[in-house]
> 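First, the structure itself, so that you have it in front of you.
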2 protein chains.
Amino acid sequence: MAAERSYGGVPLARRREERRARLLAAGVELFTSVGYQQTKITELCAAAGMSNRGFYQEFETKEALLLELYVRTNQLAHDHVSQTLTSLETTDPAARIDVLVDVYLAAVTSDPRLARLNYVEAVGVSPAVEALHVDWVGRWSELIMHEADRVAAAGLAPHRDFRLTAIMIVGAITGLLREWQTHTADYPTSEIAAEAKALILASITRSA
Amino acid sequence: MAAERSYGGVPLARRREERRARLLAAGVELFTSVGYQQTKITELCAAAGMSNRGFYQEFETKEALLLELYVRTNQLAHDHVSQTLTSLETTDPAARIDVLVDVYLAAVTSDPRLARLNYVEAVGVSPAVEALHVDWVGRWSELIMHEADRVAAAGLAPHRDFRLTAIMIVGAITGLLREWQTHTADYPTSEIAAEAKALILASITRSA
DNA sequence: GGAGAGTGGTAATGAGAATTACCCGAATGT
DNA sequence: ACATTCGGGTAATTCTCATTACCACTCTCC
């Protein structure tokens with residue numbers, strides 16, 4: 001019952017954390033090579049260097065692992081972006097959007113596997129995953145709407161409700177990166193960034 | 001061995017065709033409500049009003065059914081669009097893009113289930129499905145590149161290689177519709193169309 | 001250094017479905 | 001009207017995996 005005992009000099013919490021990390025790493029690796037659906041829990045454990053049982057000590061289901069990966073990636077990117085943007089409070093609206101795009105892309109393209117994970121493997125898996133997706137689209141939309149309002153405030157775009165536009169920008173960048181991750185070798189991220197920036201500005205400043 | 005015999009006055013080919021049609025319809029219905037992965041072959045047959053066996057007479061696997069649905073939808077949309085565009089040979093480039101968008105959207109939003117099928121359920125299912133996706137992205141890109149060249153030829157955009165831009169436009173519209181299909185009730189397709197048009201023009205005419 | 005509890009590995013269990021074997025009834029054409 | 005062959009439904013069969021029960025081992029604390 002003394003659940004807090006140490007083993008091999010390593011406390012429980014640390015061991016769990018480390019196991020979890022290895023499972024997450026194995027998840028990224030296998031989900032993006034073998035594919036999420038095709039990945040067996042046993043394979044996951046093998047790749048993480050532990051037995052079948054180890055998995056169930058950390059996660060309920062394979063889906064739970066996927067959800068955590070999804071959230072982690074988005075959370076990380078979102079934190080980066082919003083932090084950078086607040087530290088930029090003074091700059092002009094267009095420059096802010098450039099930064100937004102650069103920071104976001106840096107986060108999700110640093111490891112192409114993460115892109116594949118988010119934009120391909122985690123699509124249509126289950127209602128729970130879809131719900132999470134909708135959730136994150138909402139957050140990103142809020143962020144973009146906020147920036148769009150700034151653009152309008154600066155007189156660079158007409159004042160209007162940017163909600164739909166924001167949702168669509170999120171969809172557009174998502175789709176864009178979905179294509180990119182299959183062509184990683186062919187195109188530099190700088191070009192992706194340029195296209196994304198043009199796309200956002202055009203959507204926000206369009207007259208209608 | 002006389003495989004050509006008629007039954008109930010209906011020849012073999014016709015019966016097969018009709019069964020196939022019912023299975024395809026059932027596929028659209030179930031894949032987009034229950035979800036592709038969650039749909040059992042037995043359920044499919046029940047919905048199509050036939051027995052388990054009937055399925056295997058028409059398709060190898062559940063995936064084969066999905067592939068056919070995917071191809072049909074894209075083929076149909078592509079035919080519409082390219083036919084309309086050729087019959088429009090004389091008009092100015094910007095108008096052609098408007099038409100392109102309108103016709104494509106009409107095709108894929110007429111039945112929101114088709115949108116869900118294409119942009120959610122058929123993502124990341126298997127290497128075969130992904131390959132098909134890449135294939136179609138290629139075709140759509142070709143079509144868009146062609147139009148982009150016209151825009152450039154008309155002096156409305158700088159001459160350059162539009163391949164990457166075209167791929168990204170496809171990704172953007174795909175992503176855009178992926179979001180749309182979860183918000184069907186909230187936003188009219190006319191707004192979607194407006195955004196899409198602005199996006200395409202901006203991407204093609206941008207200076208860099 | 002031994003008792004007791006925590007850990008993790010192995011292997012059994014069992015559920016869920018795809019796939020197929022078999023059989024009954026229907027339709028043809030002689 | 002009957003023999004023959006096709007078509008389709010039902011009901012096994014089989015397989016794959018997730019899940020869990022059990023066991024051997026290790027480490028701590030007295």
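Residue numbering restarts at 1 for every chain, and letters A, B, ... go by the order of the sequence lines.
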> Can you pull the ring pair (Phe, Tyr, Trp, His ring centres under 6.0 Å) pairs that have at least one residue in residues 25-47 of chain A, sequence neighbours excluded?
F31(A)-Y36(A)

> Considering residues at least two apart in sequence or located in another chain, which fulfil the salt bridge (Lys or Arg N to Asp or Glu O under 4.0 Å) criterion with D135(A)?
R139(A)

> Taking salt bridge (Lys or Arg N to Asp or Glu O under 4.0 Å) as the definition, give me every residue that meets it alongside E130(A), ordered by chain and number, with sequence neighbours left out.
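Residues passing salt bridge (Lys or Arg N to Asp or Glu O under 4.0 Å) with E130(A): R178(B).
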
> Rounded to the Å, how far apart are L65(B) CG and dA18(C) P?
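Computing the L65(B):CG to dA18(C):P distance gives 13 Å.
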
> Please tell me if R15(B) has a side-chain N or O lying less than 4.0 Å from either OP1 or OP2 of dG8(D).
yes

> Measure from OH on Y56(B) to C1' on dT13(D) and round the result to the nearest Å.
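Computing the Y56(B):OH to dT13(D):C1' distance gives 13 Å.
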
> side-chain hydrogen bond (donor to acceptor under 3.5 Å, both in side chains) with S203(A): which residues, sequence neighbours excluded?
none

> Are the charged groups of R163(A) and E142(A) less than 4.0 angstrom apart, N to O?
yes

> Give the rounded distance in Å between these two atoms: CD of E18(A) and P of dT7(C).
15 Å

> Let's see if you get this right: which residues in residues 28-55 of chain B place a heavy atom under 4.0 Å from DNA chain C?
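Per residue number, the list reads K40(B), I41(B), N52(B), R53(B).
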
> Not counting sequence neighbours, list each pair that qualifies as a side chain to side chain donor-acceptor pair (under 3.5 Å) and has a residue in residues 102-118 of chain A.
E29(A)-R113(A), D102(A)-K197(A), Y104(A)-Y119(A), D111(A)-R113(A), R116(A)-E121(A)

> Quick one: R14(B) CZ to dG7(D) P, roughly how many Å, whole number?
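Rounding to the nearest Å, CZ of R14(B) and P of dG7(D) are 16 Å apart.
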
> Round to a whole Å and report the spacing from CZ of F59(A) to C1' of dA18(D).
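One finds 17 Å between C1' of dA18(D) and CZ of F59(A), rounded.
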
> For dG8(C), take OP1 and OP2 only and decide whether either is under 4.0 Å from a side-chain N or O of Q57(A).
yes

> How long is the line joining CZ of R19(A) and P of dT7(C), in whole Å?
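To the nearest whole Å, that distance equals 8 Å.
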
